[in-house]
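This report concerns only the one structure given below.
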Amino acid sequence: MMAQQFETIALIGIGLIGSSIARDILDRQLAGTIVVSTRSEATLKRAGELGLGHRYTLSAAEAVKDADLVIVSVPVGASGAVAAEIAAHLKPGAIVTDVGSTKGSVIAQMAPHLPDSVHFVPGHPIAGTEHSGPDAGFAGLFRGRWCILTPPPGTDEEAVARLRLFWEALGSMVDEMDPEHHDMVLAIVSHLPHIIAYNIVGTADDLATVTESEVIKYSASGFRDFTRLAASDPTMWRDVCLHNKDAILEMLARFSEDLASLQRAIRWGDGDKLFDLFTRTRAIRRSIIQAGQDTAMPDFGRHAMDQK
Ligand SMILES: NC(=O)C1=CN([C@@H]2O[C@H](COP(=O)(O)OP(=O)(O)OC[C@H]3O[C@@H](n4cnc5c(N)ncnc54)[C@H](O)[C@@H]3O)[C@@H](O)[C@H]2O)C=CC1
Ligand SMILES: O=C(O)C(=O)Cc1ccc(O)cc1
């Protein structure tokens, strides 16, 4: 148990991320009241069955009216519509945040709607799985993982500090950076790996008509790792691609150049070049593990993923 941080928290969107946050708030008693709001009746009903909040409503406007903290956890393409819906109903002094995987676009969509009387502190927990919906969430998802805040210049420092304390109470380490930098970094470490996974699994699927079931039958662990990422939510990842377009295209251009160079090394039998690259990349994996970033993907997280 921890000290209560907010009287009322409104969760707009109660999928993997929203429901994981709800479970942590409940476990740690960080709020007096959790109000859950989501677009579809079926999801709201399920959230109720799972006991993720104290009050439930299909109206985001209704959900935020007494909230001291509003956490928007919807696909990034829906954040503008949510901001427009809640804007006139927000309590003065409330902190409004989000968890979207892209930051520049979310800020561009939400900020114009939000009144000056609230504090908008965009955020992004770097933790998740390939699963979606309220059943997929679990307590502890954010433990030992980074959460990036991208407050616009001039944001009230106390509001940023309160949100930082909130994520720290969920076990996260918190960093602050500007949204452009966030979008560039995440394009290479998160968005490209998903796009590459979607692409390779798609290519293998096209081949499967030739090789029949061999793709599945002989799928080695390397291919299986790609299928996990490629099983991620189509709506969420469509939105990420559309809303971090520039940074993703920049990283894809670099990726394609490097892939062409690798292709050339293979064609011309340049073993030294291949060996040098593979040595360099192995060192990166080892330094990630040494920094605890791999084991920080907690065992219960792996377990939860293996089960589903
Ligand atoms: N899945 C992951 O691993 C991670 C996702 N994120 C970000 O978190 C956000 C939520 O993702 P998940 O929880 O994984 O998705 P999800 O699909 O599990 O849940 C999305 C929620 O948003 C609601 N929703 C969908 N469309 C809506 C709309 N047009 N208007 C209002 N509500 C709508 C759904 O009813 C559901 O409650 C996304 O912005 C995503 O980029 C951030 C970190 C990790
Ligand atoms: O499932 C995985 O491996 C992920 O990479 C989860 C993830 C997806 C999207 C994010 O913005 C942050 C984390």
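Each ligand, and each atom within it, is numbered from 1 in the order the structure gives. FYI, side chains are in, hydrogens and waters are out, and symmetry mates aren't considered; it's all heavy atoms of this structure. We number each residue from 1, following the sequence as shown.
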**Report entry** From CD1 (I71) to CZ (F166), nearest 0.5 Å
**Finding:**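 That separation rounds to 4.0 Å.
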
Taking heavy atoms and a distance under 4.0 Å, where does [X] meet ligand 1: side chain, backbone, both or neither?
{"X": "T102", "value": "neither"}
{"X": "S232", "value": "neither"}
{"X": "V76", "value": "both"}

Please check this pair: side chain of [X] against backbone of [Y], looking for a donor-acceptor N/O pair closer than 3.5 Å.
{"X": "D68", "Y": "F6", "answer": "no"}
{"X": "T57", "Y": "S37", "answer": "no"}
{"X": "Y198", "Y": "S232", "answer": "yes"}
{"X": "S132", "Y": "D233", "answer": "no"}

Query raised in the report: Tell me, which protein residue and heavy-atom name are nearest atom 34 (C) of ligand 1, and how many Å apart are they?
Result: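 For atom 34 (C) of ligand 1, the nearest protein heavy atom comes out as T38 OG1, 3.7 Å.
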
Query raised in the report: Can a donor-acceptor pair be found between the side chains of R39 and T43 at a distance below 3.5 Å?
Result: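 Their side chains do not contain a donor-acceptor pair, so the 3.5 Å distance test is not met.
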
Query - Check: K273/S261 side-chain N/O donor and acceptor closer than 3.5 Å - result: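 Short answer, yes.
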
Just jot down the ligand 1 atoms closer than 4.0 angstrom to any heavy atom of [X], in number order.
{"X": "A78", "value": "28 (C), 29 (N), 30 (N)"}
{"X": "P125", "value": "43 (C)"}
{"X": "S73", "value": "10 (C), 20 (C), 21 (C), 22 (O)"}
{"X": "G100", "value": "39 (O)"}
{"X": "V99", "value": "6 (N), 7 (C), 8 (O), 9 (C), 42 (C)"}

Requested in this report: If the plane angle is over 60° it's perpendicular, under 30° parallel, otherwise tilted; pick one for H191 and W237.
Outcome: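 It falls in the perpendicular class, over 60°.
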
Say whether [X], considering both its backbone and side-chain N or O atoms, lies within less than 3.5 Å of an N or O atom on ligand 1.
{"X": "S132", "result": "no"}
{"X": "L16", "result": "yes"}
{"X": "S40", "result": "no"}
{"X": "R39", "result": "yes"}
{"X": "T43", "result": "no"}
{"X": "I17", "result": "yes"}

For [X], the ligand 2 atoms whose distance to one of its heavy atoms is below 4.0 Å:
{"X": "T129", "value": "1 (O)"}
{"X": "S101", "value": "9 (C), 10 (C), 11 (O)"}
{"X": "R228", "value": "1 (O), 2 (C), 3 (O)"}
{"X": "M236", "value": "9 (C)"}
{"X": "H124", "value": "10 (C), 11 (O), 12 (C)"}

Report task. Write down the atom of Q5, the atom of R162, and the distance for their closest heavy-atom approach. Result ->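 For Q5 and R162, the tightest heavy-atom pair comes out as O-NH2, 2.8 Å.
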
Report task. Could you pull out the closest heavy-atom pair between A197 and A230, with the gap in Å? Result ->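 In this case the closest contact between A197 and A230 is O-CB, 3.8 Å.
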
Query raised in the report: Going through the checks in order, is the salt bridge (Lys or Arg N to Asp or Glu O under 4.0 Å) test met by E257 and R254?
Result: CA-CA 5 Å; E257 257 181 49; R254 285 170 181 247; over 6 Å; no

Report task. Begin with the C-alpha distance, continue with both residues' side-chain angles, and end with the deciding distance and a verdict on salt bridge (Lys or Arg N to Asp or Glu O under 4.0 Å) for R46 and D135. Result -> CA-CA 8 Å; R46 187 62 192 140; D135 284 284; 2.7 Å; yes

Report task. Run the contact test for W237 against ligand 2 with a 4.0 Å cut-off on heavy atoms, strictly below, and give the result. Result ->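 True for this residue.
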
Query raised in the report: Does L229 come within less than 4.0 angstrom of ligand 2, counting non-hydrogen atoms of the residue?
Result: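 Checking ligand 2 against L229, which is what was asked, there is a heavy-atom contact under 4.0 Å.
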
Query raised in the report: What part of H131 sits under 4.0 Å from ligand 2 if we count only heavy atoms: the side chain, the backbone, both or neither?
Result: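 Contact part for H131 vs ligand 2: neither.
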
Assess [X] for proximity to ligand 1: is some non-hydrogen atom of it under 4.0 Å away?
{"X": "A127", "value": "yes"}
{"X": "G133", "value": "yes"}
{"X": "A81", "value": "no"}

Query raised in the report: In terms of heavy-atom contacts, does CD of E158 have more than 12 from other residues, nucleotides or ligands at under 6.0 Å?
Result: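 No, because the 6.0 Å sphere around CD of E158 holds 12 heavy atoms or fewer from other groups.
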
Query raised in the report: Can you list the steps and then say if R23 with S19 is a side chain to side chain donor-acceptor pair (under 3.5 Å)?
Result: CA-CA 6 Å; R23 288 169 167 100; S19 74; 2.9 Å; yes

**Report entry** Salt-bridge present (K103, D178; N to O < 4.0 Å)
**Finding:**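 Here K103 does not pair with D178 in a salt bridge, since their nearest N and O are not under 4.0 Å apart.
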
